[in-house]
Amino acid sequence: MILNLDKNASSADIHLLIDKLETMGFQVSLGKDGVGTSLALVRGVDNFTRAELFSHLPLVEKVTPFPDKFKLTSKDFRQEQTVIDLGNVKIGDGSLTVFAGPCAIESETQIHEIAEAVAKSGASVLRGGAFKPRTSPYAFQGLGEQGLKYMRNAADTHGLLAVGEVMTVEDVPLVADYMDILQIGARNMQNFALLKEAGTSTTPVLLKRGWAATYTELLMAAEYILSFGNANVILCERGIRTFETHTRNTLDLAAVPVLRELTHLPILVDPSHGTGLRHLIAPMSKAALAVGADAVMIETHTDPDASVSDSRQTISIETFGRLMEDLRRIGDAMGIKINISGKQEKAA
Ligand code: PEP
Ligand code: MN
């Protein structure tokens with residue numbers, strides 16, 4: 001149920017109303033955008049809950065049942081785009097934000113060198129996993145907390161934000177201590193305990209689409225995070241598994257305009273995992289910008305062949321630099337600003 005409130009309602013009165021609804025047994029989410037203030041009742045509502053129950057309450061101007069199964073992720077609840085505000089970098093505001101870095105944090109030197117190079121080329125967010133979900137239990141599993149420390153230091157030194165994966169419920173507070181964005185990987189898109197825990201965090205979440213997940217399933221996974229209190233979710237298209245074996249996955253770029261239609265959440269495209277092949281990263285990143293992605297995430301390394309994981313899809317610093325120039329040219333033609341790292345912005 002969506003309750004649209006009087007535009008002039010004070011925040012004290014809104015909170016009194018929320019308290020009242022909670023004592024009536026509903027879970028309430030507050031939505032505010034340029035269009036108005038609304039309350040979404042996401043738990044406690046069933047087929048027998050009638051709009052009349054709410055229409056007489058103070059401040060309530062309109063009561064509408066959610067028309068679809070999507071609630072907090074839907075445009076019925078929030079008409080304006082969600083913007084993830086990370087200081088200088090705002091994801092979802094119509095600009096393009098570039099995430100870059102290695103698949104895994106391998107050493108202090110490696111992450112510092114890569115951070116320096118991608119910041120110089122204009123990336124805003126450093127990526128790198130400290131906890132790696134590997135198909136083989138014998139493959140490199142990540143440096144754990146030590147890796148997070150290296151990453152934080154490298155990001156701060158070079159004026160970058162940082163994103164890192166969480167694989168377990170326990171990882172959430174730990175990774176949130178070091179990272180600006182928590183990543184939930186494709187394998188964990190429907191790890192409901194992890195989604196709930198990420199929902200209780202105040203750190204934004206990058207939620208990757210599972211390789212066999214529909215748009216509905218991706219949005220429902222995002223609903224978990226939003227309904228547990230964290231409204232800052234970025235959806236990620238990272239390729240799905242199809243009959244095609246030439247590429248690692250099939251990058252589904254139609255996901256961008258489709259999700260744009262269905263939700264107010266920002267959308268990131270990951271052409272690295274989406275194709276698995278180095279020479280496809282630049283063309284698919286440019287295509288992602290052209291179809292309206294809010295961000296791209298690109299696995300980049302000072303020595304791609306020596307990457308401990310995902311080397312076949314990792315591009316060099318030089319290729320990344322050329323790609324950034326192309327993205328700027330395409331962005332200029334489309335009227336889209338390419339976000340640059342905090343440090344460069346300060347220096348300018
Ligand atoms: C990653 O980004 O490092 C990763 C493991 O991606 P995915 O979950 O999309 O496979
Ligand atoms: Mn990877």
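Note that the structure is predicted; figures quoted are calculated from it, not measured. Because only heavy atoms are used, hydrogens play no part in the values below, and waters and symmetry mates are left out as well, while side chains stay in. Atoms within a ligand are numbered from 1 in the order they appear, just like the ligands themselves.
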Under 3.5 Å between some N or O of ligand 1 and some N or O of [X]?
X: R187; value: yes
X: R238; value: yes
X: A186; value: yes
X: D270; value: no

Practice item. Taking the six-membered ring of F228 (Phe, Tyr or Trp), confirm whether the NZ or CZ of R43 is under 6.0 Å from its centre and within 45° of its axis. Key: yes

Check your understanding: For T319 and S316, what are the C-alpha separation, side-chain angles and deciding distance, and is it a side-chain hydrogen bond (donor to acceptor under 3.5 Å, both in side chains)?
Key -> CA-CA 5 Å; T319 307; S316 67; 2.9 Å; yes

Study note, to complete from the structure: Candidates R127, M189, E237; heavy atom nearest atom 3 (O) of ligand 1 found on R127

**Study point:** Identity of the nearest option to atom 5 (C) of ligand 1, non-hydrogen atoms only, from E299, M167, E165
**Key:** E165

Exercise for review: Indicate whether the side chain of T82 and that of H264 have a donor and an acceptor atom separated by less than 3.5 Å.
Suggested key: yes

Point to revise | Polar contact flag, side-chain donor to acceptor under 3.5 angstrom, N339-S95 | key: yes

Check your understanding: Would E223 and T73 count as a side-chain hydrogen bond (donor to acceptor under 3.5 Å, both in side chains) if you check the C-alpha gap in whole Å, the side-chain angles of each, and the deciding distance to 0.1 Å?
Key -> CA-CA 6 Å; E223 284 283 341; T73 58; 2.7 Å; yes

Check your understanding: Which atoms from ligand 1 have a heavy atom of G185 less than 4.0 Å away?
Key -> 8 (O)

Revision key, fill the gap. Under 4.0 Å from one or more heavy atoms of K132, ligand 1 contributes atoms 3 (O)

**Study point:** Protein residue, atom and distance nearest to atom 6 (O) of ligand 1, heavy-atom basis
**Key:** K208 NZ, 2.9 Å

Study note, to complete from the structure: The closest protein heavy-atom partner of atom 4 (C) of ligand 1 is H273 NE2, 3.4 Å

Review point. Passes side-chain hydrogen bond (donor to acceptor under 3.5 Å, both in side chains), Y178 versus E145? Steps please.
Key: CA-CA 9 Å; Y178 293 96; E145 187 170 5; 2.5 Å; yes

Review point. What N, O or S atom of D310 is found closest to the Mn ion (ligand 2)?
Key: OD2

Exercise for review: Give the atom name of whichever N/O/S atom in E299 sits closest to the Mn ion (ligand 2).
Suggested key: OE2

Check your understanding: Among R127, K208, R238, which one satisfies side-chain hydrogen bond (donor to acceptor under 3.5 Å, both in side chains) with D270?
Key -> K208

Review point. Would a line drawn from the ring center of Y215 to the ring center of F70 be shorter than 6.0 Å?
Key: no

Exercise for review: For the pair H112 and N153, evaluate side-chain hydrogen bond (donor to acceptor under 3.5 Å, both in side chains) and give the outcome as yes or no after the intermediate values.
Suggested key: CA-CA 8 Å; H112 272 269; N153 192 263; 3.1 Å; yes

Exercise for review: Nearest 10° is fine: what angle sits at the Mn ion (ligand 2) between SG from C103 and NE2 from H273?
Suggested key: 170°

